[in-house]
2 protein chains.
Amino acid sequence: MSEKIYTVGQLAAHTDIKSVTIRYYEKIGLLPEATRSESGYRLYSEADHLRLLFIRRSRRLGFSLDDIRELLSLADRQQESCAGVDAKVEQQLEQVRSRLKDLHAMEKELERLSACCEGGVIMDCRIIDTLSGET
Amino acid sequence: MSEKIYTVGQLAAHTDIKSVTIRYYEKIGLLPEATRSESGYRLYSEADHLRLLFIRRSRRLGFSLDDIRELLSLADRQQESCAGVDAKVEQQLEQVRSRLKDLHAMEKELERLSACCEGGVIMDCRIIDTLSGET
DNA sequence: ACTAAAGGTTGTAGTTACTATAAGGTCAAT
DNA sequence: ATTGACCTTATAGTAACTACAACCTTTAGT
């Protein structure tokens, strides 16, 4: 049996990544240039499909497109050590944890603010006071 | 005693917000246009200082500049209900929590990935496998 | 008084990862 | 033949800055 071939819209439907985004990924070199039909439509192979899924999974883990570019290039070098990959994951984990820490602090402070509002007018609003620097 | 007056750099030093950013805030109308010295330097009053601190505190809670613009305008209407302010805080809290949820999921998955790498070559790398879709 | 460093001015372009819009060509079905 | 869904390109917009260029002013030191 021959391989499945996708138009950009079909690929989009299969990957939950919009056509425009797919074209954008091609433009920045994250996806190879698609082959074209006679009328100029982009045509994608199963390999492209898999590559795009890889990108999507990585995006969902919060990797930047530049990180993903590197991960993809690492993934292609089958014989080399995977230390680079491991390091990238480690680094991403650190970044996520640091962001978590920040957001946790924000959450606490917003909860505190939220609790101290008692529904009066601005003049007496403890939230505005706090933001204005009564600390 | 007369009020303290700041140049943009002095204001930057007092608020931990860079001069360029202060000018940017002015350009987008978050800060009023500064008065100028004879030579054209921006001069800031204590009121500007306080306004900028308000902005900084709000930024640290994750509010967007547009949100902050609204908060500032709410804060100016002393006689009105602070329901709007309260709602904004509530909304921001929700956003932060939603982001926390996402990041938590990322953290878990990255931990899982990180744990499954055993330092071989790419070909055998469980991380790459996972990203490539062995799920 | 002269000079160099530090700090100020403007405007423009770059960043990230898309999204929106315009103006048009193609394809499948009626 | 025409509609509607899909494709093409190029350009501009988004958030919140950051970087750069080219120039002017103030301040400190000799």
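Residue numbers begin at 1 in each chain, while the letters A, B, ... track the order of the sequences. Keep in mind that what you see is a predicted model, and the values were worked out from it rather than measured.
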(Q) Check this one for me: any side-chain N or O of A:T21 less than 4.0 Å away from OP1 or OP2 of C:dT19? (A) yes

Q | Atom pair distance, as rounded to whole Å: CG in A:L31 and P in C:dA17 | A | 15 Å

Q: Tell me whether the OP1 or OP2 atom of C:dT10 has a side-chain N or O from B:R36 closer than 4.0 Å.
A: yes

Q.
In this structure, how many angstroms lie between the C1' atom of D:dA15 and the NZ atom of B:K27, rounded?
A. 14 Å

Q: Assign each of B:E38 and B:L65 to its nearest nucleotide of DNA chain D by heavy atoms, then name whichever residue's nucleotide is nearer the 5' end.
A: B:L65

Q: Output yes when B:D102 and A:R60 qualify as a salt bridge under the 4.0 Å nitrogen-oxygen rule, no when they do not.
A: no

Q.
Less than 4.0 angstrom from a charged side-chain N to a carboxylate O is my criterion; do B:R51 and B:D48 meet it?
A. no

Q | Residue whose nearest DNA chain C nucleotide is more 5′ - A:Y41 or A:Y25 | A | A:Y25

Q.
Using OP1 and OP2 only, check whether a side-chain N or O of B:R69 sits under 4.0 Å from D:dA16.
A. no

Q. Is any side-chain N of the basic residue among A:K88 and A:D67 closer than 4.0 Å to the acidic one's carboxylate O?
A. yes

Q. Does a side-chain N or O from A:S39 land closer than 4.0 Å to OP1 or OP2 of C:dC27, or not?
A. yes

(Q) Taking any heavy-atom pair under 4.0 Å as a contact, classify A:S37: base, sugar-phosphate, or nothing. (A) nothing

Q | Residue-phosphate contact under 4.0 Å: B:R23 side-chain N/O, C:dG11 OP1/OP2 | A | no

Q: Choose from C:dG8, C:dC18, D:dC17 the nucleotide whose nearest atom is closest to any side-chain atom of B:V8.
A: C:dG8

Q.
Applying a 4.0 Å non-hydrogen cut-off, can you work out what B:R42 is touching in the nucleic acid: base, sugar-phosphate, or nothing?
A. sugar-phosphate

Q: Let me know the distance between CZ of A:R59 and C1' of C:dT16, rounded to the nearest Å.
A: 9 Å

Q. Starting at OH of B:Y24 and ending at C1' of D:dC20, how long is that distance when rounded to a whole Å?
A. 18 Å

Q: Could you state the atom-to-atom distance from CG of A:D67 to C1' of C:dT16 in whole Å?
A: 12 Å

Q) With a 4.0 Å cut-off, would you call B:R97 and A:E111 a salt bridge? A) yes

Q: Compare side-chain N and O positions of B:K18 against OP1 and OP2 of D:dC17 and report whether any pair is under 4.0 Å apart.
A: no

Q) C:dC18 C1' sits how many Å from A:D16 CG, rounded? A) 15 Å

Q.
Regarding A:R42 and A:E26, does a basic nitrogen lie under 4.0 Å from an acidic carboxylate oxygen?
A. yes

Q) Expressed in angstrom and rounded to an integer, what is the separation of A:E26 atom CD from C:dA17 atom P? A) 18 Å

(Q) Whole angstroms only, please: what is the CD1-C1' distance between B:I55 and D:dA15? (A) 15 Å

Q: Considering just the side-chain nitrogens and oxygens of B:S19, establish if one lies under 4.0 Å of OP1 or OP2 belonging to C:dG7.
A: no

